[in-house]
Amino acid sequence: MSRTSPVLPDGWTLVALQSISSTNDEAARLAEGGAAEGTVVWAREQTGGRGRRGRHWTSPIGNLYSSTILRPACSAARAAELGFVAALAVADMVPAGRNVRVKWPNDVMVDGGKIAGILPESSVDVRGGVDHVVLGIGVNVSSAPQLPDMRYPGATLGGSVEDALQMLTTALAARLGQWRREGFETVRAAWLAKAGPLGLEMDVKLGDDLVHGRFAGMDRDGALLLETTAGPRKIVAGELLGQAA
Ligand code: BTN
């Protein structure tokens with residue numbers, strides 16, 4: 001197992017911490033203070049790791065917790081595209097031979113288990129543009145903590161956290177470059193190529209409602225497209241509950 005310090009992409013800066021409540025909170029604090037794009041906050045453990053929808057993200061030593069500061073010149077709506085960019089970067093880290101799938105909106109599944117969680121958080125300036133985005137990514141490297149409300153088994157990447165951070169930041173820099181040069185259409189196509197097949201049955205939780213349908217793709221704004229018995233549905237915010245492997 002390698003114990004060498006992670007090498008980050010050119011121009012990126014590492015803030016390495018032993019323990020912090022949440023790397024996203026620390027990165028947001030640094031961003032408010034003017035920290036540059038490509039600043040990566042990495043902690044060996046989190047005592048208050050946060051997941052989507054206000055959930056807790058169990059964060060023991062041995063897994064990867066990182067938050068990258070980005071300063072994209074785009075609208076807040078377009079900043080949501082960065083969650084898909086991050087999911088592709090995580091998928092790129094997974095060695096060949098394992099079955100990798102992305103699951104809407106930002107989950108990455110390996111051999112049927114969730115391997116990573118992605119929490120993009122944007123800060124909007126007074127004119128409605130993006131001041132910064134904190135792209136929080138947690139990767140199960142050596143353990144897959146099971147949370148009480150988790151509907152999927154966990155999966156692990158294996159190897160060392162240092163290697164995982166280096167692979168993640170390398171992949172993230174490459175995918176961000178692709179997004180900037182070629183736009184969301186290329187990202188969307190790459191994401192769809194790694195998503196489940198069209199027609200796959202799934203359940204989506206929308207508030208207290210449950211919508212059942214068949215996967216019909218993702219639209220140009222990042223919304224989930226579902227074919228239901230009542231006709232096509234476009235889902236902007238929701239939680240995918242069931243998806244056959
Ligand atoms: C999810 O609910 O799937 C998203 C989980 C995101 C966890 C990561 S770990 C690094 C960063 N810091 C946090 O507090 N959360 C994100």
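Whatever order the structure lists them in is the order used to number ligands and atoms, beginning at 1. Values below: all heavy atoms of this structure, side chains included; hydrogens, waters and symmetry mates excluded. When a residue number appears, it is its place in the shown sequence, counting from 1.
The shortest distance between side-chain heavy atoms of H132 and P72 does not fall below 4.5 Å. For the pair E121/R50, a side-chain contact is recorded, criterion being any heavy-atom separation below 4.5 Å from C-beta on.
Of the options R52, K114, Q46, the smallest heavy-atom separation from atom 3 (O) of ligand 1 is shown by K114.
The backbone of I118, and not its side chain, has at least one atom closer than 4.0 Å to an atom of ligand 1 (non-hydrogen atoms only; backbone = N, CA, C, O). At a heavy-atom cutoff of 4.0 Å, ligand 1 is contacted by no atom of S59, backbone or side chain. Contact annotation: for D25 versus ligand 1, there are no heavy atoms closer than 4.0 Å.
Of all protein heavy atoms, the one closest to atom 5 (C) of ligand 1 is W57 CE3, 3.4 Å. In terms of protein heavy-atom proximity, atom 8 (C) of ligand 1 is nearest to G138 N, 3.6 Å. At the shortest separation from atom 10 (C) of ligand 1 among protein heavy atoms lies T23 OG1, 3.3 Å.
Annotation: R50 places an N or O atom under 3.5 Å from an N or O atom of ligand 1; distance criterion only.
When hydrophobic clusters are built by joining Ile, Leu, Val, Met, Phe, Trp and Tyr residues whose side-chain heavy atoms come closer than 4.5 Å, directly or via intermediates, V102 is grouped together with L168.
The two residues F84 and N106 come nearest to each other via the heavy atoms N-ND2, 3.7 Å.
A donor-acceptor contact shorter than 3.5 Å links the side chain of Q46 to the backbone of T23.
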